[in-house]
Amino acid sequence: MSDIVGIDLGTTNSLIGIMEAGFPILLADANGERLTPSVVHVPPTGEPLVGRPATRMRPLNPAATIYSAKRFIGVRGDELQSEDADVSYKLVRGRGEPVRLCAGGVDYLPAEVAAFVLRKLKGDAEAALGRTVSRAVITVPAYFNDAQRSATKRAGELAGFTVERIVNEPTAAALAYGLHQLTSRAKIAVYDFGGGTFDVSILELNKGVFEVLATNGNTRLGGDDIDSLLIAECGARILDGALSPEQRAALRDAVVDAKHRLSSDDEIAVNLPFFAGPESVSFTMTRSELDELSRPVIERTRAHCRRALADAKLAPADLDDVILVGGVTRMPLVRNIVADIFGRIPNVSQNPDEAVALGATIQAGILSGAVRDVLLLDVTPLSLGIETFGGLMNVIIPRNSTIPLKAGEMFTTAVNNQRVMRIKVLQGEREMARDNWPLGEFELEFEPAPKGVARVGVQFELDANGLLHVLARDTKTGYEKIVEINSAVDVSDEAVEAMIAESLEHAFDDMSERAWTEAKLKADEMAGAVETALGVLVHQISAEEATRIEGLLTELRAALASGELQRLKQANAALDKATEPLAAMLLQRAIADAEASLAPQRIGPGVAAAGAGEG
Ligand code: AMP
């Protein structure tokens with residue numbers, strides 16, 4: 001079997017590795033560097049520069065240098081948040097269109113920028129190994145939605161890879177960590193704080209099986225946010241007016257370097273040669289100043305950790321270990337806050353920059369057969385379902401379900417002689433369909449029949465890459481449609497955090513609306529059925545009985561108009577009980593009709609059934 005490489009495609013840096021003689025090895029470029037900055041510089045002529053040479057061009061020509069492209073992968077223009085616009089290159093954002101990154105007069109899709117980085121990693125790996133590599137495992141933040149995963153896969157393909165698997169970053173990190181502990185059973189938290197994203201995952205390791213119990217995070221929270229605060233603070237400190245783009249880029253490099261040094265030093269000097277024309281600028285910065293500024297950003301991770309623990313139904317004390325991943329976790333303040341959140345000193349035995357890439361490499365080894373006896377299970381970050389009659393969300397795959405998996409449910413029609421059923425696929429935690437994110441929709445045609453007769457099976461299959469295949473089948477005709485939901489721009493990838501926060505905030509209203517809608521659907525259905533039954537059975541029930549039922553029908557309509565849930569529920573129950581004898585009579589009639597129809601029918605002139613076969 002051919003080699004498969006493991007790739008950590010990071011917001012700030014990317015790495016590539018391969019299994020050699022049973023060990024995951026990270027490969028270095030010609031200069032011996034294993035970290036490749038995820039930066040692309042587009043010069044006026046010639047090929048784009050990638051990695052460290054591109055980083056060097058950033059202060060000189062910030063507008064032509066793209067960094068943090070991962071923040072925009074699979075994102076639509078109207079989904080961009082204001083803090084995202086804080087980059088030194090131009091963003092092109094049309095409503096409903098994928099965001100494009102403009103540098104050197106060219107508009108790139110974020111996946112195309114990622115492909116430049118992946119192509120360089122591929123070239124470096126091939127140079128280091130002396131052979132070609134064409135298959136890859138690529139990691140993504142656990143919270144990447146379908147669109148972002150697809151765009152990442154496409155980036156890999158553009159770079160010339162066959163992408164064998166998309167793996168969640170915290171899962172990969174845990175794999176790197178757990179490979180040495182295959183015999184023990186443990187529950188761990190992976191706290192992954194990178195340049196652009198924050199993820200926390202709770203995993204269970206058991207005899208070589210990794211199961212993700214819960215994940216939470218924010219695709220727009222990272223070290224970049226600390227950098228922006230530092231630039232604003234230091235910029236105001238050293239200059240009266242606004243910063244030019246070049247000054248901003250130079251200041252960014254200086255404060256990022258300062259931030260890194262303050263992870264080990266208490267106080268450092270920041271020097272900016274020729275910052276204001278011929279004038280150089282220098283100032284000192286202390287760790288406590290950095291801590292004060294960055295604390296609010298780091299504190300935002302606390303709520304995500306609490307939610308992940310709650311979803312996994314665990315208390316901090318139930319965890320055996322907390323692993324730190326991502327460059328930002330080198331900050332002492334991050335380590336203190338993590339210790340406070342989880343009530344234990346975090347494990348820093350892994351190199352936070354390399355754990356994800358090592359895990360991706362091990363996963364690549366599992367796929368190529370180089371590593372055995374390890375299985376990887378993952379979970380869905382948000383519930384997946386379809387819209388049902390009355391605008392309700394019907395969950396088919398609940399959030400935090402282990403993937404890959406298949407789940408299905410049977411549906412029927414709500415209207416007589418309906419010819420098509422519209423399947424609207426939704427992602428989210430809200431009770432009403434309109435409050436969830438539409439992933440796509442399609443129609444399934446079937447033979448007209450009275451309402452409630454058709455049987456349409458809807459099956460969701462989430463594959464190992466987290467891509468969703470939706471199948472709808474008319475069980476009578478066998479007619480079916482399968483749709484792959486992987487459109488890069490149809491999905492809103494608003495932070496999952498916002499969705500969950502919203503669902504908690506609106507939980508009470510949502511539940512009441514759902515309860516009301518369900519009671520109303522039942523009332524509408526019953527009112528229609530009772531009216532029909534009264535008509536059909538007019539000669540079989542007493543006038544007294546009919547009047548009593550009509551009275552209850554009137555009350556049902558009044559309850560509907562009142563908008564009072566309890567009143568409607570009572571009216572439903574009262575009418576339901578009062579019409580039990582009617583239902584029994586209808587059933588008897590139906591049985592009698594059915595028995596009558598079993599009798600052979602004479603084929604002769606004037607019998608409609610006889611002509612049916614000839615038509
Ligand atoms: P990653 O996305 O995991 O590569 O993490 C990159 C982020 O970690 C960037 O925001 C870096 O500035 C930050 N980072 C890297 N090294 C350090 C360090 N020694 N101290 C503080 N932050 C760091």
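Order of appearance sets the numbers: ligands from 1, and atoms from 1 within every ligand. Side chains included, hydrogens not; waters and symmetry mates left out as well; all remaining heavy atoms used.
At a threshold of 4.5 Å between non-hydrogen side-chain atoms, the residues Val190 and Asp199 do not count as touching. For the pair Asn336/Asp291, no side-chain contact is recorded, criterion being any heavy-atom separation below 4.5 Å from C-beta on. A 4.5 Å side-chain heavy-atom check between Met331 and Ser294 finds at least one atom pair inside the cut-off.
For the atom pair Thr329 OG1 and Ile323 CD1, the distance stands at 11.0 Å (nearest 0.5 Å).
Residues meeting the side chain to side chain contact (heavy atoms under 4.5 Å, CB included) test with Asp29, sequence neighbours left out: Asn31, Glu33, Lys120, Asp124.
Sorted by chain then number, the residues whose non-hydrogen atoms approach ligand 1 to under 4.0 Å are Thr12, Asn13, Gly194, Gly195, Gly223, Val256, Lys259, His260, Ser263, Gly326, Gly327, Val328, Arg330, Met331.
Under the salt bridge (charged side-chain N to carboxylate O under 4.0 Å, His left out) test applied with Lys259, the options Asp227, Asp224, Asp253, Asp225 reduce to a single match, Asp227.
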